[in-house]
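Everything numeric in this text was worked out from a predicted model, so none of it was measured. Counting convention: from 1, in listed order, for ligands and their atoms alike.
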Amino acid sequence: MTTNGQPKGRTLVFNILRFNPQEKGDKPRMVRYEVEEAPGMTIFIALNHIREQMEPSLQFDFVCRAGICGSCGMVINGRPDLACRTLTTKFPEGEITLMPLPAFELIGDLSVNTGEFMRSVAERVESWIHSEEAKAPDLDVLEERMDPDTADAIYELDRCIECGCCISACGTLRMREKFLGARGFMSVARFMADPRDDRTDADWYEVIGDDDGVFGCMTLLGCEDTCPKDLPHQAKIAYLRRRMVKA
Ligand code: SF4
Ligand code: F3S
Ligand code: FES
């Protein structure tokens, strides 16, 4: 019991991979920190506590603290997830290992550069509406209404926050450097579902019709298991594959 009569919280043990590639001679190492657990504590809150009270040089990313910006992805006890959405109570043994997301350039400690990869995906998929009208929009004409079910289907796939968890959980990406990955497949499915986009299946075949695209996916389903936004990876990848077989 504490002095105010509240039951004493657990002492959590954090083992964090520390490495600053920018610092000459620095080597990767695991460092142990102890943190008193507080009600409602997330990994993000614990990391802030460590940085404020023990280790000002600790690097990790965050912006929104609400599962929206996708910045705080990291490997938490072996599984890619968002630090701001993961409660410490999820780990009854009280020992938590944190590592940076693999598959991305390491900036330092738990901070990685997901931006470059996400940009390359957007460029490959050309993630904007392709149509004659989009090339020369007439601003005086009202946009055509969209059927609500179609809008919902597009919205579902647009919820991706580019956190990189699906990319880090994918074994195929370890083997094939140019593999588009689940984030890219969700983007392709999103534009295929959009009636304003004029791209045909033959056009899409040029983007995903090989082993760096949907035929390279080995259905490992790490994407489905780790996506914090529960995007329908399994169903959509199977759907894309069926369409590309017929293209
Ligand atoms: Fe993250 Fe899911 Fe988007 Fe992948 S598809 S980047 S796991 S939100
Ligand atoms: Fe990778 Fe997901 Fe396919 S984890 S192998 S993209 S099912
Ligand atoms: Fe934005 Fe975690 S800080 S998703």
Side-chain angles (χ1 to χ4, degrees), residues 40-48 51 58-76 78-88 90 98 100-104 110-122 124-125 127 153-191 193 207-242 244:
M41 184 176 247
T42 60
I43 301 292
F44 162 76
I45 293 172
L47 281 172
N48 257 322
R51 184 152 71 184
L58 181 65
Q59 297 184 66
F60 59 96
D61 297 316
F62 70 94
V63 178
C64 70
R65 293 172 264 176
I68 298 166
C69 73
S71 308
C72 67
M74 60 187 67
V75 180
I76 304 171
R79 184 191 164 90
D81 211 337
L82 299 179
C84 73
R85 281 217 339 194
T86 306
L87 291 165
T88 54
K90 191 174 165 194
L98 301 179
L101 288 181
F104 299 105
L110 303 171
S111 169
V112 294
N113 176 3
T114 50
E116 199 176 315
F117 180 90
M118 295 302 170
R119 186 188 173 103
S120 77
V121 168
R124 268 172 80 181
V125 174
S127 52
I154 295 170
Y155 173 72
E156 185 183 28
L157 297 163
D158 253 346
R159 292 179 301 113
C160 171
I161 55 173
E162 299 195 333
C163 64
C165 290
C166 60
I167 301 302
S168 293
C170 177
T172 305
L173 257 150
R174 290 298 101 70
M175 290 162 38
R176 285 201 186 95
E177 208 183 312
K178 293 201 173 126
F179 184 57
L180 185 62
R183 192 283 169 268
F185 298 143
M186 294 306 100
S187 186
V188 170
R190 179 251 176 269
F191 285 96
V207 183
I208 56 164
D210 61 9
D211 283 352
D212 288 332
V214 79
F215 296 123
C217 166
M218 296 187 288
T219 323
L220 300 174
L221 297 182
C223 51
E224 178 91 12
D225 290 345
T226 59
C227 179
K229 292 290 163 183
D230 295 325
L231 264 71
H233 293 276
Q234 186 174 6
K236 288 297 167 189
I237 292 172
Y239 167 74
L240 292 181
R241 205 182 277 134
R242 282 198 301 277
M244 289 303 100

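When only non-hydrogen protein atoms are considered, atom 1 (Fe) of ligand 2 lies nearest to Cys170 SG, 2.3 Å. The nearest protein atom to atom 1 (Fe) of ligand 1, hydrogens excluded, is given as Cys163 SG, 2.4 Å; this is a heavy-atom distance. Looking only at heavy atoms of the protein, atom 3 (S) of ligand 3 is closest to Arg65 N, 3.2 Å. Atom 3 (Fe) of ligand 2 has its closest protein heavy atom at Cys217 SG, 2.4 Å. With respect to atom 2 (Fe) of ligand 2, the closest heavy atom belonging to the protein is Cys223 SG, 2.3 Å. Summary of contacts: the protein heavy atom closest to atom 7 (S) of ligand 1 is Cys166 N, 3.3 Å. Ranking the protein heavy atoms by distance from atom 2 (Fe) of ligand 1 puts Cys227 SG, 2.3 Å first. At the top of the distance list for atom 3 (Fe) of ligand 1, counting protein heavy atoms only, stands Cys160 SG, 2.3 Å. Shortest contact from atom 5 (S) of ligand 2 to any protein heavy atom: Thr172 OG1, 3.1 Å.
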Requested in this report: With ring-ring contact (aromatic ring centres under 6.0 Å, His included) as the test, would you mind laying out the steps for Phe185 and Tyr239 before giving the verdict?
Outcome: CA-CA 10 Å; Phe185 298 143; Tyr239 167 74; over 10 Å; no
**Report entry** Stepwise side-chain contact (heavy atoms from CB on, under 4.5 Å) check, Phe191 with Leu157
**Finding:** CA-CA 9 Å; Phe191 285 96; Leu157 297 163; over 6 Å; no
Requested in this report: Run the numbers on Arg79 and Thr86 for side-chain contact (heavy atoms from CB on, under 4.5 Å), then give the verdict.
Outcome: CA-CA 11 Å; Arg79 184 191 164 90; Thr86 306; over 6 Å; no
**Report entry** Derivation of the side-chain contact (heavy atoms from CB on, under 4.5 Å) call for Phe62 and Cys69
**Finding:** CA-CA 8 Å; Phe62 70 94; Cys69 73; 5.9 Å; no
Query raised in the report: Cys223 and Ile237: side-chain contact (heavy atoms from CB on, under 4.5 Å), yes or no, with the steps?
Result: CA-CA 10 Å; Cys223 51; Ile237 292 172; 4.2 Å; yes
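Rounding to the nearest 0.5 angstrom, the gap separating the CD atom in Glu224 from the NZ atom in Lys236 is 12.0 Å. Atom CE of residue Met118 and atom CG of residue Asn113 lie 10.0 Å apart, to the nearest 0.5 angstrom. Taking CG of Leu220 as the reference point, atom CG of Asp225 lies at 10.0 Å (rounded to 0.5 Å). Ile68 CD1 to Arg159 CZ: the interatomic distance, rounded to the nearest 0.5 Å, is 13.0 Å.
Only the backbone of Thr219 comes within 4.0 Å of ligand 2, judged by heavy-atom distances.
Contact atoms of ligand 3 toward Phe62: 3 (S) (distance under 4.0 Å to a heavy atom of the residue). Taking every non-hydrogen atom of Ile68 and a distance limit under 4.0 Å, the qualifying atoms of ligand 3 come out as 4 (S). Atoms of ligand 1 lying under 4.0 Å from at least one heavy atom of Ile161, given by number and element, are 3 (Fe), 8 (S). The atoms of ligand 3 that sit less than 4.0 Å from any heavy atom of Gly70 are 1 (Fe), 4 (S). Set against the non-hydrogen atoms of Val63, the atoms of ligand 3 under 4.0 Å away are 3 (S). Proximity to Cys64 (heavy-atom distance under 4.0 Å) selects the following atoms of ligand 3: 1 (Fe), 3 (S), 4 (S). Ligand 3 places these atoms under 4.0 Å from at least one heavy atom of Cys69: 1 (Fe), 3 (S), 4 (S). Near Pro228, meaning under 4.0 Å from one of its heavy atoms, ligand 1 places the atoms 7 (S). Listed by number with element, the atoms of ligand 3 under 4.0 angstrom from any heavy atom of Gly67 are 4 (S). Of all atoms in ligand 3, numbered sequentially from 1 with element shown, those under 4.0 Å from a heavy atom of Cys84 are 2 (Fe), 3 (S), 4 (S). Contact atoms of ligand 2 toward Gly222: 4 (S) (distance under 4.0 Å to a heavy atom of the residue). Heavy-atom contacts of Glu162 reach the following atoms of ligand 1: 3 (Fe), 6 (S) (cutoff under 4.0 Å). Every atom of ligand 1 is numbered from 1 in the order shown, and the set under 4.0 Å from a heavy atom of Gly164 is 1 (Fe), 6 (S). Within ligand 2, the atoms closer than 4.0 Å to a non-hydrogen atom of Met218 are 5 (S), numbered from 1 in the order shown.
In this structure, Ser120 contributes its side chain and Phe117 its backbone to a donor-acceptor pair below 3.5 Å.
Between Asp81 and Lys90 there is a salt bridge, since at least one side-chain N of the basic residue sits less than 4.0 Å from a carboxylate O of the acidic one.
Residues Met74 and Leu47 meet the side-chain proximity criterion, which asks for heavy atoms closer than 4.5 Å.
Heavy-atom contacts from other residues, nucleotides or ligands closer than 6.0 Å to CZ of Arg124 number more than 12.
Ligand 1 lies out of reach of Ala182, whose nearest heavy atom is not under 4.0 Å from it.
Each of Leu82, Leu101, Thr114 was scored for a side-chain contact (heavy atoms from CB on, under 4.5 Å) with Cys163, with one residue passing: Leu82.
Among the atoms of His233, no N, O or S atom falls under 2.8 Å of atom 2 (Fe) of ligand 1.
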